[in-house]
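This structure is a prediction, so every number in the text was calculated from the model and none was measured. Here is the naming used below: chain letters follow the sequence lines, and residue numbers restart at 1 for every chain.
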Number of protein chains: 2
Amino acid sequence: MDHSLPDILIKQLNHFSPLGDTDIEALYDRMTSLDIAKGEYWLREGQVSSHIGFLISGVMRVYHLANDKEYTSYFNFGQRNPFVSSFTSFTKRIASQENIHAITDCSMIVISHADLEHLYETHPAIDRLGRKMAEYNYMLALERIYSLQHRSAAERYNELLSIYPQLVNMVPHHYIASYLGITPESLSRIRKEK
Amino acid sequence: MDHSLPDILIKQLNHFSPLGDTDIEALYDRMTSLDIAKGEYWLREGQVSSHIGFLISGVMRVYHLANDKEYTSYFNFGQRNPFVSSFTSFTKRIASQENIHAITDCSMIVISHADLEHLYETHPAIDRLGRKMAEYNYMLALERIYSLQHRSAAERYNELLSIYPQLVNMVPHHYIASYLGITPESLSRIRKEK
DNA sequence: CACCCGCATTGATGTATGATAAGATTTTCA
DNA sequence: TGAAAATCTTATCATACATCAATGCGGGTG
């Protein structure tokens, strides 16, 4: 892509692990920008996830379909959770069980699996960056496990509110409910309490 | 330590990411073996986790204490889940909220944070290995999130049975219940159904 | 051997959340 | 703009799981 990777991407990646000029140059060469309009899909169940994305703006949602219900794996939104992927599909090169779509108009910077592997092979600093990102995502996942394991639905909702105050105004509530592991009706009751 | 890292460790690490002879040599120099007797603690809440461990044999348990209750974060047991740590404490160098203790006599190979960082700096193959391990742990965490989010207690118990058939005979049931996010009474009822 | 004491079980009851159905509200778009 | 669709709420009832209390079991220790 042209020499215009958004500052926010460089800044965030540098925050995970410092990159040299040649590393950033290599990223320039392999990453491309991708805009997705509200409602559009980036990945459908059954496909092998070919790219991983870094979300610049908007809200994306990863969900799984079973028994006629949607199970929201997670949202990508803001700087806390910018890595968009069906991670297991992307990493293991297997069919995804998940769908990924844009809840609002979205802007991403993406890279293909082959290109990322190539960068890992040729740029140790990027390999390290990959490690830092995986460690970060793992720690986020541990927090979520703890929350699901030990907190009530109302507590989980309040946690979500405190972490992403704006999210609740941007996405349909039944998606939020599904993310929390409850029904839309239960979420409605929880919200009424307050 | 002496030149006798267990084959199982080398084999498992190689399975994550291939290591050269010099990498393995470097691991030899920095890793030490550590045995912990049944009931002993490896880490107490409030301490900063100084080492990460690879479990060779036995069962370890990571748990958190709150409101007079024990919340079991996870078990380390067998080859599926060999990395023992309070990961956030170890990675961020902050006080751990978790305790780690041996449920049975345990044997581990451990490495200090400083030594691991040094290996990451000097051996790109080990940095890559770290990435693969983090990615692996992340994928395991995603599975657990899905299970907690969308499955009933009985389903989660059966999952656990199918993944670690022997575990239920080796650890007190109230630990298992806590891991599943339910009370010992509920677990007892689930088991009676079968 | 007998006594604990931690653990597992069982029963009775309470509560949070799910299921179903109906209505109200908002959004979409022809 | 107006009708249809999607979403949100509310109500009722059902169920899974928690809580509380009591009993039983089993292994360690005097």
Please check if the side chain of B:Arg128 supplies one atom and the backbone of A:Tyr120 the other of a donor-acceptor pair under 3.5 Å.
yes
Mind checking if A:Thr183 touches a base, just sugar-phosphate, or nothing, with heavy atoms under 4.0 Å?
sugar-phosphate
Taking OP1 and OP2 of C:dT9, is either one under 4.0 Å from a side-chain nitrogen or oxygen of B:Lys192?
no
If hydrophobic clusters are built from ILVMFWY residues whose side chains come within less than 4.5 Å, do A:Tyr63 and A:Tyr175 share one?
no
Is any side-chain N of the basic residue among A:Glu135 and A:Arg131 closer than 4.0 Å to the acidic one's carboxylate O?
yes
Report the distance from atom CD1 of B:Ile190 to atom P of C:dT9, rounded to the nearest whole Å.
12 Å
Whole angstrom is fine here: how far is it from CD in A:Glu155 over to C1' in D:dA18?
14 Å
For the residue pair A:Phe90 and A:Ser50, what are the closest heavy atoms and their distance?
CE1-O, 3.7 Å
N-O pairing of B:Arg93 and B:Glu117 below 4.0 Å:
no
Rounded to whole angstrom units, what separation is found between the CD atom of A:Gln149 and the P atom of D:dC17?
15 Å
Could you check which of C:dG11, C:dT17, C:dA21 has an atom nearest any side-chain atom of A:Arg189?
C:dT17
Using whole Å, what does the distance between atom P of nucleotide C:dT17 and atom CZ of A:Arg151 come to?
14 Å
Let me know the distance between CG of B:Leu187 and P of D:dA18, rounded to the nearest Å.
10 Å
For D:dC17 and B:Ser186 - does any side-chain N or O of the residue sit under 4.0 Å from the phosphate oxygens OP1/OP2?
no
Whole-Å distance separating the CD atom of A:Glu185 from the P atom of C:dA16
17 Å
Closest contact, heavy atoms only, A:Cys106 versus A:Ala102
SG-CB, 3.9 Å
Under a 3.5 Å distance rule, please check whether A:Gln149 uses its side chain to pair with a backbone N or O of B:Thr72 as donor and acceptor.
yes
Nucleic acid contacts of residues 164-178 of chain A, taken as heavy-atom distances under 4.0 Å to DNA chain D
A:Pro172, A:His173, A:His174
Once you apply a heavy-atom cut-off of 4.0 Å, does A:Gly39 come out as touching a base, just sugar-phosphate, or nothing?
nothing
Ignoring the backbone of A:Lys38, work out which of C:dT28, D:dT10, C:dT10 is nearest its side chain.
C:dT28
Residue-phosphate contact under 4.0 Å: B:Lys69 side-chain N/O, D:dT19 OP1/OP2
yes
Counting side-chain heavy atoms from C-beta on, which of C:dA21, D:dT12, D:dC17 comes nearest to B:Ile182?
D:dC17
